Amino acid sequence: SEGEKARARVFFTAYTLKQGEIIYNQSPLTLPLPSWAWVGITDWLTAEIDLLPLIGGLFVEPHLPVPSFNFRFRLRDGGAHGVSIAFETMLQYLYVKADQEDGPELRVTRDGASWFNRVNVSIPITEKLRVHVSAGATFAESIEVTNNDPMNEIGEHHVNAVSPDASISIDYRWRPRMSLHASASYGTTFVYSDNQPRKM
């Protein structure tokens, strides 16, 4: 249904697109460059195409393409009234050490592979209300988080680290093409400084 299509990609859910369906997402922060898209490879497999990193990205000097692959495999289709389950995996590889965040108070530097794997569960509470729960882990080849204060630098450098991921989300389908969403997470997410483990 139209509502399920719109729900399919808001956060970590168990929903997949039908074969041939496409959803394009544009962040105003990346304009005029493209953001990301979702493609239904089959009815049980959805691929995410992270367009910005693939064309060289904004956050990686010297703007080299960043291989980034995300797939969601449907394990159980609960339909409109049952519990749905999916497995999601995303691998991203930075060829060079890059400052993903470099602000006055926070610096995040990543290098090499970042790979998350998680199980997503979507639970219909009512016809309009759904709860989505997700849990898994992220492998980070190299990530350094510091406070970006050269006089009193505080931070940690994690190498070949495995970190837990968890999220819970609520979506309310107010109208067929209008919805309200709330989400809380720990660990890696696709948005809000994507592919960075250990964040809340």
Side-chain angles (χ1 to χ4, degrees), residues 1-30 34-54 68-92 114-139 163-200:
S1 74
E2 199 63 38
E4 295 309 311
K5 282 190 233 175
R7 248 187 203 117
R9 302 313 327 161
V10 176
F11 23 61
F12 290 107
T13 77
Y15 300 121
T16 56
L17 299 178
K18 292 187 186 300
Q19 184 174 8
E21 288 183 334
I22 296 174
I23 293 178
Y24 176 75
N25 304 275
Q26 180 62 54
S27 168
L29 301 177
T30 65
S35 294
W36 74 94
W38 296 98
V39 179
I41 305 298
T42 69
D43 287 354
W44 53 267
L45 173 61
T46 296
E48 177 258 311
I49 303 168
D50 204 358
L51 298 164
L52 185 61
L54 287 175
S68 181
F69 304 97
N70 182 310
F71 296 98
R72 179 170 296 173
F73 301 85
R74 184 177 69 205
L75 303 177
R76 182 180 192 276
D77 182 4
H81 304 290
V83 174
S84 295
I85 304 171
F87 171 74
E88 185 161 352
T89 184
M90 182 172 187
L91 175 65
Q92 190 178 71
S114 174
W115 185 23
F116 75 65
N117 293 278
R118 54 202 305 155
V119 174
N120 305 336
V121 178
S122 293
I123 307 159
I125 305 300
T126 68
E127 198 67 34
K128 294 184 176 183
L129 181 66
R130 307 261 168 145
V131 173
H132 311 279
V133 179
S134 180
T138 295
F139 166 80
S163 305
D165 298 324
S167 71
I168 184 167
S169 307
I170 298 171
D171 78 82
Y172 180 71
R173 186 68 37 191
W174 185 45
R175 296 274 188 267
R177 293 180 180 267
M178 271 189 159
S179 58
L180 300 172
H181 307 274
S183 183
S185 64
Y186 174 82
T188 300
T189 57
F190 177 63
V191 292
Y192 311 118
S193 291
D194 76 316
N195 285 283
Q196 292 181 19
R198 301 174 182 240
K199 70 176 183 288
M200 289 191 290

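A quick note: this is a predicted structure, and the numbers were derived from the prediction, not measured. Just so you know, these numbers use all the heavy atoms, side chains as well, and skip hydrogens, waters and symmetry mates. For the single chain, residues carry numbers from 1 onward in sequence order.
For Arg198, there are no salt bridge (Lys or Arg N to Asp or Glu O under 4.0 Å) partners at least two apart in sequence or on another chain. Legend: residues meeting side-chain hydrogen bond (donor to acceptor under 3.5 Å, both in side chains) with Thr138, ordered by chain and number and at least two apart, are Asp165, Thr188. Take Ser167 and apply the side-chain contact (heavy atoms from CB on, under 4.5 Å) test, not counting sequence neighbours, and it matches Phe12, Arg118, Ser134, Ser185. Ser35 is linked by a side-chain hydrogen bond (donor to acceptor under 3.5 Å, both in side chains) to Gln26, Thr30, counting only residues two or more places apart in sequence or in another chain. The side-chain contact (heavy atoms from CB on, under 4.5 Å) check on Ile85 picks up Leu75, Arg76, Val83, Val119, Val121, with sequence neighbours excluded. For the side-chain hydrogen bond (donor to acceptor under 3.5 Å, both in side chains) test, residues two or more places apart in sequence or in another chain that qualify with Asn117 are Thr89. For Asp77, the salt bridge (Lys or Arg N to Asp or Glu O under 4.0 Å) test picks out Arg74, with sequence neighbours left out. Judged as a side-chain contact (heavy atoms from CB on, under 4.5 Å), and not counting sequence neighbours, the contacts of Val39 are Ile22, Ile41, Ile49. Residues satisfying the side-chain hydrogen bond (donor to acceptor under 3.5 Å, both in side chains) criterion with Ser84, sequence neighbours excluded, are absent altogether.
A donor atom on one side chain and an acceptor atom on the other are found under 3.5 Å apart for Lys199 and Thr189. Looking at His181 and Ser183, their side chains never bring a donor and an acceptor atom within 3.5 Å of each other. With no hydrogens or angles considered, no side-chain donor-acceptor pair links Thr13 and His132 at under 3.5 Å.
A distance of 8.0 Å separates OH of Tyr172 from CG of Leu180, quoted to the nearest 0.5 Å. Atom CG of Asn120 and atom OG1 of Thr16 lie 11.0 Å apart (nearest 0.5 Å). Atoms CE and CH2, from Met90 and Trp115 in turn, are 13.5 Å apart once rounded to the nearest 0.5 Å. How far NZ of Lys18 is from OG1 of Thr46: 10.5 Å, rounded to the nearest 0.5 Å. One finds the CG atom of Leu17 at 14.0 Å from the CH2 atom of Trp44 (value rounded to the nearest 0.5 Å).
Contact annotation: the side chain of Tyr15 approaches that of Arg130 to within less than 4.5 Å [non-hydrogen atoms, C-beta and beyond]. The shortest side-chain heavy-atom distance between Trp38 and Asn70 falls under the 4.5 Å cut-off. Between Phe116 and Glu88 there is a side-chain heavy-atom pair separated by less than 4.5 Å. Proximity of Phe139 to Ser114: side-chain heavy atoms (C-beta onward) are nowhere separated by under 4.5 Å. The shortest side-chain heavy-atom distance between Glu48 and Trp36 falls under the 4.5 Å cut-off. Using a 4.5 Å heavy-atom cutoff, the side chains of Asp171 and Arg173 are in contact.
Nearest heavy-atom pair, Ser122 versus Ala14, reported as atom, atom and distance to 0.1 Å: OG-N, 2.9 Å.
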